[in-house]
Amino acid sequence: MATKFDHKRAEARWQAAWDKAQSFAADDASPRPKTYVLEMFPYPSGRIHTGHVRNYTMGDVIARTRRAQGYEVLHPMGWDAFGMPAENAAMERGVHPGGWTRANIAIMRDQLKRLGFALDWSRELATCEPDYYGQEQALFLDLLAAGLVYRKESAVNWDPVDMTVLANEQVIDGRGWRSGAIVERRRLSQWFLKITDFAEDLLDGLGTLADWPEKVRLMQENWIGKSQGLRFTFEIAQDSPTPDSSRKREGSGFDVFTTRPDTLFGASFAALAPDHPISLALAEASPGLAAFIAECRAGGTATADIEGQEKKGYDTGLSVIHPLDPAIRLPVFVANFVLMDYGTGAIFGCPAHDQRDLDFARKYQLPVTRVVAPEGEAETPIADEAYTGPGVLVHSRFLDGMDVEAGKAAVITRAEAEGWGTGTTVWRLRDWGVSRQRYWGTPIPIIHCGSCGVVPVPKAQLPVVLPEDVSFDIPGNPLDRHPTWSRVDCPSCGQPARRETDTLDTFVDSSWYFVRFASAPGDRPFDAAVAEQWLPVGQYIGGVEHAILHLLYARFWTRALNHIGRLNVTEPFAGLFTQGMVTHETYSRPQGEGHAPLYFSPAEVDRTGTGATLKADGAAVEVGRVIKMSKSKKNVIDPDAYLETYGADAVRWFVLSDSPPERDLAWSDAGIDGAWRFVQRVWRLAEDSAEAATGVLDTDAKLARALHKTIAAITADIDKLQFNKAIARLYELVSTIERAPGSPTRIEAVTTLLRLCAPMVPHLAEEAWVLFGQPGMIVDAPWPVADPALLVDDTVTIAIQINGKLKDSFEFARGADRAMVEAEVLGRDKVIRALEGRAPKKVIVVPDRLVNLVA
RNA sequence: GUGGACGUGGCGAAACCGGUAGACGCAGCAGACUUAAAAUCUGCUUCCCAUUGGGAGUGCGGGUUCGAGUCCCGCCGUCCGCACCA
């Protein structure tokens, strides 16, 4: 008699059993081949959300499958525990960030355990604990000693709401990535990491990451932004007023960078960034220019501002000498579209072959000279569109007749020979500013001494621990305000000195946590020999939102550790998978003209087959598009309620089914219901099979074939992370077994089915395993291996097409020769009827597949 | 603007290398079991005409091919990244 699968009992039983057996503890000394499966560790914001469930379930399937396949699997979990939400909570609710964070961790750890993930909890870490961040401070000092850390005053992105500096990567459309406030520019002394030292290597390394999504590699490539060209000096003509007339500098001029040195004879102006030192110097004597610069700065950096912004310039009255012909003079403008922090902060304008320069030239009536032309168009004038295509150089003296590439090379060669310029590479990537004016982060282990300057904290004095007694009643950095914490004696001279009160960007914390998971000794950041056994991470899984930030920083940090001889690993993540978001439909009612609709949460709504009604009044609500879960649209789901009602296995099954993992998954009650039904169905099948007497003694060859095909297919699907396909095949296998008569093969099929679905629904699989009197736990059972002999059928279905259109199909022996197949086809009724007595002009036979008759 | 991805039933989706489009799931319809409901099971479910059967069909328009969801060219649409990068 079939019973219902009791998920609560099974979860408690097996989670305890795995824990007791330490089934998921990774053994550094294991002789088995090692593999490292990792999901991006969560920020402990409060509760696990559906995105975490999906992310960690995918990783779990991989980890459990690899384990069954004989690997020693490292599958750890930890907490990216520093960050601003903790401080926001402190400000809003008066709780300590540490208390708030640790309480969240406790809740979320509990939730993860309820999902039955195969995690090695003995390696758990939280970045907010001194035993982690103290080691990070040690690494920071190592990088400092190696010259990869430096301090400079620079214009930074200042978030006026969060009162902190943001990295370029954290500024989105001119706004702070977290607060959404318009970012201001301020000058502060900041700590930087020399990520640009590794620009070339980070770019080249992308080529080795075959198991990364093409999309992410492209995004990183664009972000690193390599441009090759010519850097050269424009001499300011003597007859111009010099920028700093008081000093009368020799050879005054400025450098520009161009990727198109071939178009140099098309130059009609030079332009400086508003923040360029020459612009600033000139502005001191020119109120008009000063006003223009102020105007440029006022223009926001927001997307809309840039798009709408007109190309504007201010004529400085200076002129520069053309490097290829001293007789040519070019006017110098200060222009709003020239960026100080890219290239040299100055450009030459070639209107004929650059749209932006063309717009500018038309506005200020500057000459437009074509210097590149497709065949026969040398004299075709440039209209409203700059010509950026290929062609041959014209109106360019010694360059005439060369193609663009040859022209570039020729100009660079000449510049280098004559000493006025050099071939250079310019990067879009900037150094990583890591200083944050916040409390809840890793303290930067530096002391500022009046006489010794910047002094590293001696390693023996690490960790520099955050003070507990801080207040958050006013914005800004509590470390700055702390009465005693920053007061310290200089380790070098012993005089009173001051601690650095900035903390590290939390992206530093996540740049090496995967190394610490692999090896976490108490007295140093990691043991290289142990860590190298596990690294690189074989399969890393997380959201695309980290395609640039986290993944680039972690790649850099790993290279930096390699560079200083601490770790012999270059790429931290050999395989990367970026999963889609979890979405949900929305429920709303319009609120009249000019008002945003009123949204309702799924809990307030009854979903019918075709529509939805509000529980409160029974009237219909509008069912909206399936979109990313967000608080404002009230379509957020808390997985906890589902774990309670349906159980971990149903939830796990659901998040794996339906959608391909890289695409968005629409969460729905109907979908969860379906998953729950599957769990029950497998349970029924197992119970019935276990108690039924074996009716037939013969083996069931047909079932065996179906079974082994499924084994092969699912193994391949999981390898490729195509969980939705694996699940479809499991449904088919269940159906097939249900219909099969009793036999020893059927029993084997059910136990194999259990092993195949164990990575996805582990509690159910364990519970059912017991029914069959199998030894030990299914978690320790080996992965099924397909018998190649059973993967091919004796017969095949051959399709018959006439002129490419399907007319009929029939079963035939596999590997039959063409003549036999052709004879069979031509003798079939439907074919005879369709041909109406004519002989086909041509017969195409695709062996074991189809026959196409061309009539 | 620029780089990229995608476009298949009512919905989520499958379809190896160009070879029977729509596997599997959801929703829906019909039936069985039941006093009834739930659960479960069986069948149907791309569209159009129809009795057998036939025709059309993978965003739109062309092309290559015996044969195109798949390859090529041109459009249209949706989504994502970057965004004055010289």
Side-chain angles (χ1 to χ4, degrees), chain A residues 2 4 172-174 213-216 218-223 225-227 229-230 256-260 263 271 273 299 301 303 305-307 309-311 335-339 341-350 354-357 359-360 426-428 544-545 547-548 585 607-610 626 653-654 657-660 662-666 668-675 677-678 680-681 684 713 716 722 724-735 738 797-809 830 840-846 848-855:
Chain A
K4 219 168 111 180
I172 294 148
D173 294 344
E214 179 67 29
K215 176 187 167 140
V216 174
L218 253 167
M219 281 166 70
Q220 291 215 353
E221 189 181 319
N222 291 337
W223 190 264
K226 181 180 186 175
S227 294
L230 172 69
V256 299
F257 172 75
T258 176
T259 55
R260 292 297 302 273
T263 64
T301 47
T303 314
D305 296 332
I306 290 168
E307 264 180 2
Q309 217 164 46
E310 207 183 343
K311 308 289 172 263
N336 64 348
F337 60 87
V338 182
L339 305 174
D341 50 7
Y342 181 79
T344 62
I347 61 159
F348 85 80
C350 177
D354 181 291
Q355 191 59 44
R356 195 193 42 203
D357 293 349
D359 295 345
F360 188 82
V426 162
W427 305 89
R428 208 188 87 109
V544 229
E545 66 272 20
I548 298 171
E585 59 191 13
R607 190 74 172 85
T608 61
T610 45
V626 176
W653 184 260
F654 169 67
S657 59
D658 276 357
S659 290
E662 69 279 8
R663 251 183 262 178
D664 291 352
L665 168 74
S668 73
D669 285 4
I672 289 272
D673 273 335
R677 277 199 295 272
F678 175 80
Q680 297 300 335
R681 190 174 165 196
R684 265 197 313 277
Q722 297 178 329
N724 57 321
K725 286 163 70 176
I727 276 176
R729 292 187 214 280
L730 285 167
Y731 273 113
E732 278 177 311
L733 181 60
V734 168
S735 250
E738 281 171 347
T797 306
I798 294 179
I800 304 175
Q801 295 179 337
I802 292 178
N803 294 331
K805 291 209 182 294
L806 181 72
K807 291 292 167 188
D808 198 4
S809 66
K830 286 186 183 172
K841 287 185 201 127
K842 197 174 168 189
V843 180
I844 287 141
V845 180
V846 182
D848 293 340
R849 237 190 150 111
L850 64 72
V851 176
N852 188 15
L853 306 174
V854 185

Between protein and nucleotides 39-42 of chain B, what N or O pairs are separated by less than 3.5 Å?
residue	atom	partner	partner atom	Å
U40(B)	O3'	Arg684(A)	NH2	3.4

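For a distance-only test at 3.5 Å, the side chain of Lys311(A) qualifies as a donor-acceptor partner of the base of C84(B).
Checked for salt-bridge contact, Glu738(A) and Arg681(A) meet the test: a charged N lies under 4.0 Å from a carboxylate O.
Residue Tyr731(A) places none of its side-chain N or O atoms closer than 4.0 Å to OP1 or OP2 of G25(B). OP1 or OP2 of G55(B) sits under 4.0 Å from a side-chain N or O of Lys807(A). Considering only side-chain N and O atoms, Arg356(A) lies under 4.0 angstrom from the phosphate OP1 or OP2 of C85(B). Residue Ser735(A) places none of its side-chain N or O atoms closer than 4.0 Å to OP1 or OP2 of C24(B). Look at Arg260(A) and you won't find any side-chain N or O under 4.0 angstrom from OP1 or OP2 of A86(B).
You'll find the side chain of Asp673(A) reaches within 4.5 Å of the side chain of Arg677(A), heavy atoms only. Side chains of Ile347(A) and Thr258(A) form no contact here, defined as non-hydrogen atoms less than 4.5 Å apart. The shortest side-chain heavy-atom distance between Tyr342(A) and Val426(A) falls under the 4.5 Å cut-off. In this structure the side chain of Lys4(A) reaches within 4.5 angstrom of the side chain of Gln680(A), judged on heavy atoms. The side-chain heavy atoms of Ile800(A) and Leu806(A), taken from C-beta on, include no pair separated by under 4.5 Å. Side-chain contact between Arg849(A) and Ile798(A) is absent, with no heavy atoms from C-beta onward closer than 4.5 Å.
Base contact: Val338(A) has a heavy atom under 4.0 Å from a base atom. Nucleic acid contact for Gly671(A): none, since no nucleic acid atom lies under 4.0 Å from a heavy atom of the residue. Within 4.0 Å (heavy atoms only), Ala666(A) reaches no atom of the nucleic acid at all. Across all strands, Ser657(A) comes closer than 4.0 Å to no nucleic acid atom at all (heavy-atom distances).
Across all strands shown, G4(B) is found opposite C79(B) as a Watson-Crick or G-U wobble partner, with both distances under 3.5 Å. Nucleotide U70(B): unpaired (no Watson-Crick or G-U wobble partner with both distances less than 3.5 Å). In this structure C24(B) sits in a base pair with G12(B), meeting the Watson-Crick or G-U test at under 3.5 Å. Nucleotide C33(B) has no partner under the Watson-Crick or G-U criteria, as no pair reaches both atom distances under 3.5 Å.
Protein atom CH2 of Trp427(A) is 13 Å distant from nucleotide atom P of A86(B), rounded to whole Å. Residue Arg663(A) contributes atom CZ, which lies 15 Å from atom P of C80(B) at whole-angstrom precision. When the P atom of C80(B) is taken as reference, atom CH2 of Trp223(A) falls 18 Å away, rounded to whole Å. Distance Asp664(A) CG to A5(B) P: 18 Å, rounded to the nearest Å. One can place CD1 of Ile672(A) at 13 Å from C1' of G25(B), the figure rounded to the nearest angstrom. Between Ile727(A) atom CD1 and G12(B) atom P the separation is 18 Å, expressed in whole Å. Between Glu214(A) atom CD and C80(B) atom C1' the separation is 15 Å, expressed in whole Å. Protein atom CD of Glu662(A) is 14 Å distant from nucleotide atom C1' of C79(B), rounded to whole Å.
Annotation: C6(B) and A15(B) have their P atoms spaced 14 Å apart (nearest Å). Comparing the same atom, C1', in C72(B) and in G22(B) gives a spacing of 26 Å after rounding to whole Å. Nucleotides C29(B) and G77(B) place their P atoms 38 Å apart, quoted to the nearest Å. A14(B) and G69(B) are spaced 12 Å apart, taking the C1' atom of each and rounding to whole Å. The separation of C16(B) from G7(B), taken at their P atoms, amounts to 13 Å, rounded to a whole angstrom. Distance check on atom C1': G53(B) versus U58(B) gives 25 Å, rounded to whole Å.
Shown here for Phe348(A) and Asp357(A), the closest heavy-atom pair between the two residues is O-OD2, 3.9 Å.
Atom CD of Gln220(A) is separated from atom CD1 of Ile548(A) by 7.0 Å, given to the nearest 0.5 angstrom.
Judged as a ring pair (Phe, Tyr, Trp, His ring centres under 6.0 Å), and not counting sequence neighbours, the contacts of Phe678(A) are Trp653(A), Tyr731(A).
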> Quick one: what's the B/S/- string for nucleotides 18-23 of chain B, heavy-atom cutoff under 4.0 Å, read 5' to 3'?
Replying inline: -BB--B
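Base orientation at C17(B) is syn, since its O4'-C1' glycosidic dihedral falls within 90° of 0. Annotated as syn: G9(B), whose O4'-C1'-N torsion sits within 90° of 0.
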>> Set out, in order, the CA-CA distance, both residues' side-chain angles and the distance that settles side-chain contact (heavy atoms from CB on, under 4.5 Å) for Gln801(A) and Leu850(A), then state yes or no.
In response: CA-CA 7 Å; Gln801(A) 295 179 337; Leu850(A) 64 72; 3.9 Å; yes
> Could you walk me through whether Ser657(A) and Ile727(A) pass the side-chain contact (heavy atoms from CB on, under 4.5 Å) check?
Replying inline: CA-CA 6 Å; Ser657(A) 59; Ile727(A) 276 176; 3.9 Å; yes
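The 5' end of RNA chain B is approached more closely, in terms of each residue's nearest nucleotide, by Ala675(A) than by the other of Phe337(A) and Ala675(A).
Nearest to the side chain of Ala670(A), among A27(B), G4(B), A13(B), sits A27(B).
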